[in-house]
Protein chains: 2
Amino acid sequence: MRREMTIKKPTLQDVADYAGVSTATVSRCLNQPDKVKQSLQEKIREAIETLGYVPHGAARALASRRTFTIGAIVPTIDNAIFSEAIQYLQRDLTKAGYTLLLAQSSYSLDEELREVQSLLTQGIEGLVLVGEDHHQGVFDAIEQHRIPLVNIWTYNPESKYSCIGIDNAKAGQRIAEHLVELEHRHFGVISGILRGNDRAQQRLEGIKQHLQQNGIGLDDGEVLECRYSGEQGRLAMHELMTHHPQTTAVICGNDILALGALCAARELGLSVPEDISITGFDDIEIIAVISPALTTMNSPSRRMGAQTAEYLIQCIEGDDQRVERCELGTDLIVRETTGVAVSRGRA
Amino acid sequence: MRREMTIKKPTLQDVADYAGVSTATVSRCLNQPDKVKQSLQEKIREAIETLGYVPHGAARALASRRTFTIGAIVPTIDNAIFSEAIQYLQRDLTKAGYTLLLAQSSYSLDEELREVQSLLTQGIEGLVLVGEDHHQGVFDAIEQHRIPLVNIWTYNPESKYSCIGIDNAKAGQRIAEHLVELEHRHFGVISGILRGNDRAQQRLEGIKQHLQQNGIGLDDGEVLECRYSGEQGRLAMHELMTHHPQTTAVICGNDILALGALCAARELGLSVPEDISITGFDDIEIIAVISPALTTMNSPSRRMGAQTAEYLIQCIEGDDQRVERCELGTDLIVRETTGVAVSRGRA
DNA sequence: CTGAAAGCGCTTACAG
DNA sequence: CTGAAAGCGCTTACAG
């Protein structure tokens, strides 16, 4: 019988027996040490040490109704902007004693809903989603569970839920404005897949709106959608230039796509920016050291992660149900890939 | 009293009452449906639907002694190779009904130990770590909890624990060999921080060994350590060329450092590879579309993630305690940044 | 400051 | 195929 002691992991009860106190005291010693006499604390710590006791999180969660767990769902972790945000979110959550449960939606709203349900089962006390466009079931579940939701990467002053992010439409507009100022009249857009991605949709809307205001049209054929990969960007650029050779300005959905487009331009013998201007989005760290230096819009992903952690913790600990709508600024960073299309005139 | 029903989340008991069955039956309906009569299943599903029941993970974990949770600790999630591996690990774990608990160690073995303890509290049924060099406390804890550990990114046929990764020393050797074949005699190494990073240490050992075999020395001053960032690589390259201007071959710890070094070479007016050869490591996706195309060693991070998920699941479900030591191959991908140093002779 | 005891929401032999 | 009941390992009023 006693043999079992060595094979079974020690419980709070074992610690209590060993230290000659009650389980209540051991529990207090762990969670509210100041309520336990010094001498007992020492005995208990010794017991914990020699038995190699490790608390049982599930039991604690069940009894205390606290999981100290936050859920986050990003489209994919394998995109620098999301991994940067997650890095900071995770780091700050950990500092405050919370655990991050991370899931990926692959840019699918249905998949996102499934992940939300799974996270809810696991008892998350807060949820972070990307964008503000979600399956209705997500909102229903959030309401029922009464946990704070923060939508990141999006800013909407009227949102019913908290958001910490950028104004995507305005950012798209700003890029278009820059290129229009350089007197471009023939545009192409290489966007990420729009379905399930409200950020990309909003940016495209911003671009279209600004072009329209300046009397510049943008045909459907001049907007290409593809996955966020360098190779996809390269192929899209080739397709764009085949069907719309007069294009002098290409707005890309992110930096990776822009690097692919740049690659295609090289292959086509087009000089940048003399023949064609190309813009990115995000200002990921790596592009600071590559040539030609990419004109892009920065995206404060780390700040987003850190601020989200801070908000959520305050929301939970302060029992503060206030909705926060926070707009983080973006800056157009003009470098070497945009300019006047001198070589090919201004048709 | 009844008012509480609307404010409190429904439990299994509520579902059972509503459906007119016992909690045992509801539980079976959820976990082993084939053991429950069809007609009852329908009633129960209806009850779940109308009450909006969501299972309580902690209670389930406590009662069943299963958490369906796997822990993984990477140095940082903000490095393409780790985020790629995690993406696949996460995806495949999710498919199999497991949840990934992700933590970051910031390349600190002490921090790693702390995270391991936290994960253990949360009841992980398996653990994934990067490298084979860990705090002794990690091994002790793993032994005590009897959970499978797999060390990734490392391959050691004698390892006591499972490993799925590459032979880092061999990879380092292979890079050095390539450059020696191109008749380089003056080397520089821009490595990641070595402390707490056995992969980087092993690669450096492999490089040193091969150079030594060919009568080429490598002074301490010719090995620079820096964080994995483009800017750090750029600065290190400047320092290297200031103190060792005769250098014709620079081996970088990863692709990001190599891009930084390439940037510095441009700034210094050095042609690549005519004046100097530069190599990376990892073959991250993005470098496929940038110019000059980087010579590098590929690192099968996605395969590592997927294979780790597969092994762990089999280990847990098959109750198979077999230790697996799996070497994933690497390939030297020779592109445009390495060649004979024609311009500066072969001193 | 400490302990006895109820209870958190499930699962699972066991009996029928 | 189904149910009564014990138990998973903690926390937390409550009483002292």
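Order of the sequence lines fixes the chain letters, A, B, ..., with proteins taken first and strands second; residue numbering starts at 1 for each chain.
Sorted by first and then second residue, the salt bridge (charged side-chain N to carboxylate O under 4.0 Å, His left out) pairs with a member in residues 69-87 of chain A read A:D78-B:R302, A:E84-A:R302; sequence neighbours excluded.
Remark: B:Y311 engages B:S162 in a side-chain hydrogen bond (donor to acceptor under 3.5 Å, both in side chains) (not counting sequence neighbours). With sequence neighbours left out, the side-chain hydrogen bond (donor to acceptor under 3.5 Å, both in side chains) criterion links B:R303 to no other residue. For B:F68, the ring pair (Phe, Tyr, Trp, His ring centres under 6.0 Å) criterion is met by B:Y98, not counting sequence neighbours. The side-chain hydrogen bond (donor to acceptor under 3.5 Å, both in side chains) check on A:Q307 picks up nothing, with sequence neighbours excluded. Applying the side-chain hydrogen bond (donor to acceptor under 3.5 Å, both in side chains) rule to B:S118 yields the partners B:Q122; only residues at least two apart in sequence or on another chain are considered. In this view, A:Y161 and A:F139 satisfy the ring pair (Phe, Tyr, Trp, His ring centres under 6.0 Å) rule, not counting sequence neighbours. With sequence neighbours left out, A:D92 forms a salt bridge (Lys or Arg N to Asp or Glu O under 4.0 Å) with A:K95.
Within 6.0 Å of the CZ atom in B:R195, the count of heavy atoms belonging to other residues, nucleotides or ligands does not exceed 12.
DNA chain C lies under 4.0 Å from at least one heavy atom of each of the following residues of residues 26-35 of chain B: B:S27, B:R28, B:N31. Within residues 57-70 of chain B, the residues having any heavy atom closer than 4.0 Å to DNA chain D are, in order of number, B:L62, B:A63, B:R65.
Positionally, the nearest nucleotide of DNA chain C for A:A24 lies more toward the 5' end than for the other of B:A24 and A:A24.
Remark: A:E46 does not engage A:K43 in a salt bridge, criterion side-chain N to carboxylate O under 4.0 Å. A salt bridge links B:E143 with B:K160: the closest approach of a Lys/Arg side-chain nitrogen to an acidic carboxylate oxygen falls below 4.0 angstrom.
Taking a pair as Watson-Crick or G-U with both hydrogen-bonding distances under 3.5 Å, the stems of three or more pairs touching DNA chain D are C:1-3 with D:14-16, C:5-12 with D:5-12, C:14-16 with D:1-3.
Interface limits on DNA chain D: the 5'-most and 3'-most nucleotides within less than 4.0 Å of chain B heavy atoms are D:dC1 to D:dG9.
B:Q87 places no side-chain N or O within donor-acceptor distance of the main-chain N or O of A:T76, the cut-off being under 3.5 Å.
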